[in-house]
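The chains referred to below are lettered A, B, ... by the order of the sequence lines, with proteins before strands, and numbering in each begins at 1.
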There are 2 protein chains.
Amino acid sequence: MARIRTATTEAADDSGEAPAAVGRLDLGPLPNFVGYLLRRAQLLVFDDFISTMSSVGLRPASFSVLAVIGANPGSSQSAVSEVLGLQRTNLVAIIDSLEQGGFARRKAAKTDRRSHALYLTAEGKRLLSKALTLQAEHERRVLGRLSDDETQSLLRILTKLVDG
Amino acid sequence: MARIRTATTEAADDSGEAPAAVGRLDLGPLPNFVGYLLRRAQLLVFDDFISTMSSVGLRPASFSVLAVIGANPGSSQSAVSEVLGLQRTNLVAIIDSLEQGGFARRKAAKTDRRSHALYLTAEGKRLLSKALTLQAEHERRVLGRLSDDETQSLLRILTKLVDG
DNA sequence: TATTGTTATACTCTATAACTATA
DNA sequence: TATAGTTATAGAGTATAACAATA
């Protein structure tokens with residue numbers, strides 16, 4: 001079941017003036033590189049995700065922030081930005097828009113008056129629930145070409161790669 | 001060997017004022033989502049790739065353009081941008097910098113005076129060769145946590161996902 | 001002194017409109 | 001009319017510096 005890949009880095013002809021290439025170009029060694037494949041896969045999946053979530057006004061970042069606040073009510077902006085790998089400075093506008101949409105609230109933190117405790121509103125919880133339904137449909141659509149075994153393997157190996 | 005994931009979308013406590021979260025936050029359902037994992041993996045791999053290639057002055061896009069011109073001498077800017085999924089408008093500056101660095105040349109195309117035929121210079125070929133060596137080291141480093149079987153599976157499944 | 005949230009800012013990547021010269 | 005290359009521009013995403021309030 002092994003796929004044979006032909007290495008085409010060394011093109012047959014590149015002497016002096018050489019010929020113009022015809023038809024679809026050769027990607028050379030790129031399709032063998034994990035970085036190239038990850039970029040292509042991420043673009044493919046994000047395109048579907050973005051158009052899916054546009055119906056509820058969420059972007060990838062605001063979706064992940066909504067999910068993290070939902071899972072950790074009362075957490076601070078610093079904690080949310082840290083766990084998601086965002087700069088805390090760039091989280092400000094995301095929380096602003098969630099708050100302006102009526103989906104999240106900044107409350108005064110109990111023990112530290114510098115800090116904001118983040119919560120979802122009832123509307124925010126409904127939005128998260130709806131978004132998770134859309135996410136499941138998106139995932140089914142995007143992973144449709146893969147068998148169940150392949151899907152499980154992909155998630156497991158990516159997790160191993162990332163958690164390292 | 002299956003990994004059990006606990007779904008934590010529904011947090012135990014979010015009544016009214018609720019408690020502040022302590023310690024590292026819960027990512028909720030995000031670690032189960034292919035889009036989230038692909039984003040994390042791509043950031044991880046690109047971070048290493050970018051710092052690796054900075055020693056030869058290449059970015060991900062200019063590396064891929066260099067590789068495609070190397071595999072398809074004489075091809076046009078439109079053809080290169082199409083196969084890489086770049087806007088042809090955004091390719092201009094990339095070719096500019098490769099040309100100014102002495103790594104690529106725009107020559108007059110034989111049959112169409114609107115078109116530029118792209119070639120690597122001798123220095124460009126040396127750069128590509130060096131970059132491919134660095135790429136191999138990068139890949140070994142980044143995929144180090146995975147077994148050979150896992151690496152092969154990852155590349156195969158990503159290819160299937162992307163080529164679909 | 002250090003940390004939380006914030007503003008301002010800058011840089012990269014990506015996307016669109018419009019131009020020119022050719023076809 | 002359509003296409004190849006180009007310019008200008010605008011929008012995301014991401015990064016750093018600096019500030020006020022608080023610890």
Student: Would you indicate, yes or no, if D:dG13 has its OP1 or OP2 atom less than 4.0 angstrom from a side-chain nitrogen or oxygen of B:Arg39?
Tutor: no
Student: Which residues, if any, of residues 77-93 of chain B bring a heavy atom under 4.0 Å of DNA chain C?
Tutor: B:Gln87, B:Thr89, B:Asn90
Student: Roughly, in whole Å, what's the span from NZ in B:Lys110 to P in C:dT22?
Tutor: 18 Å
Student: Strictly distance-based, threshold 3.5 Å: is any side-chain N or O of A:Glu99 a donor or acceptor partner for the main-chain N or O of A:Arg106?
Tutor: yes
Student: Is the backbone of A:Ser129 close enough, under 3.5 Å, to the side chain of A:Thr133 for a donor and an acceptor to pair up by distance?
Tutor: yes
Student: Are any of B:Ser115's side-chain N or O atoms less than 4.0 Å away from OP1 or OP2 of D:dT3?
Tutor: no
Student: Decide whether A:Leu25 and B:Val162 are clustered together by the hydrophobic rule: side chain heavy atoms of Ile, Leu, Val, Met, Phe, Trp, Tyr closer than 4.5 Å, transitively.
Tutor: no
Student: Answer with yes or no after comparing the ring centroid distance for B:Phe49 and B:Phe63 against a 6.0 Å cut-off, counting only values under it.
Tutor: yes
Student: For the pair made of CZ in B:Arg106 and P in D:dG5, what is the distance, rounded to whole Å?
Tutor: 9 Å
Student: Taking C-beta and beyond as the side chain, do A:Glu137 and A:Thr52 meet within less than 4.5 Å on heavy atoms?
Tutor: no
Student: Go through A:Glu82 and A:Arg88 one step at a time and tell me if the salt bridge (charged side-chain N to carboxylate O under 4.0 Å, His left out) criterion holds.
Tutor: CA-CA 7 Å; A:Glu82 193 210 356; A:Arg88 73 191 192 289; over 6 Å; no
Student: Starting from P on D:dA4, measure out to CD1 on B:Ile95 and report it in whole angstrom.
Tutor: 15 Å
Student: For A:Glu150, is there any backbone N or O sitting under 3.5 Å from a side-chain donor or acceptor partner on A:Ser153?
Tutor: no
Student: Figure out the CZ/C1' separation between B:Phe49 and C:dT12, and round it to whole Å.
Tutor: 16 Å
Student: OP1 or OP2 of D:dA20 versus the side-chain N and O atoms of A:Arg114: is any pair under 4.0 Å?
Tutor: no
Student: Rounded to whole angstrom units, what separation is found between the CG atom of B:Asp47 and the C1' atom of D:dG13?
Tutor: 14 Å
Student: Within less than 4.0 Å of OP1 or OP2 of C:dT22, is there a side-chain N or O belonging to B:Arg113?
Tutor: yes
Student: Expressed as a whole number of angstroms, how long is the span from A:His116:NE2 to D:dA21:C1'?
Tutor: 10 Å
Student: Starting from P on D:dA8, measure out to CG on B:Asp96 and report it in whole angstrom.
Tutor: 12 Å
Student: To the nearest Å, how far apart are B:Asp112 CG and D:dG5 P?
Tutor: 8 Å
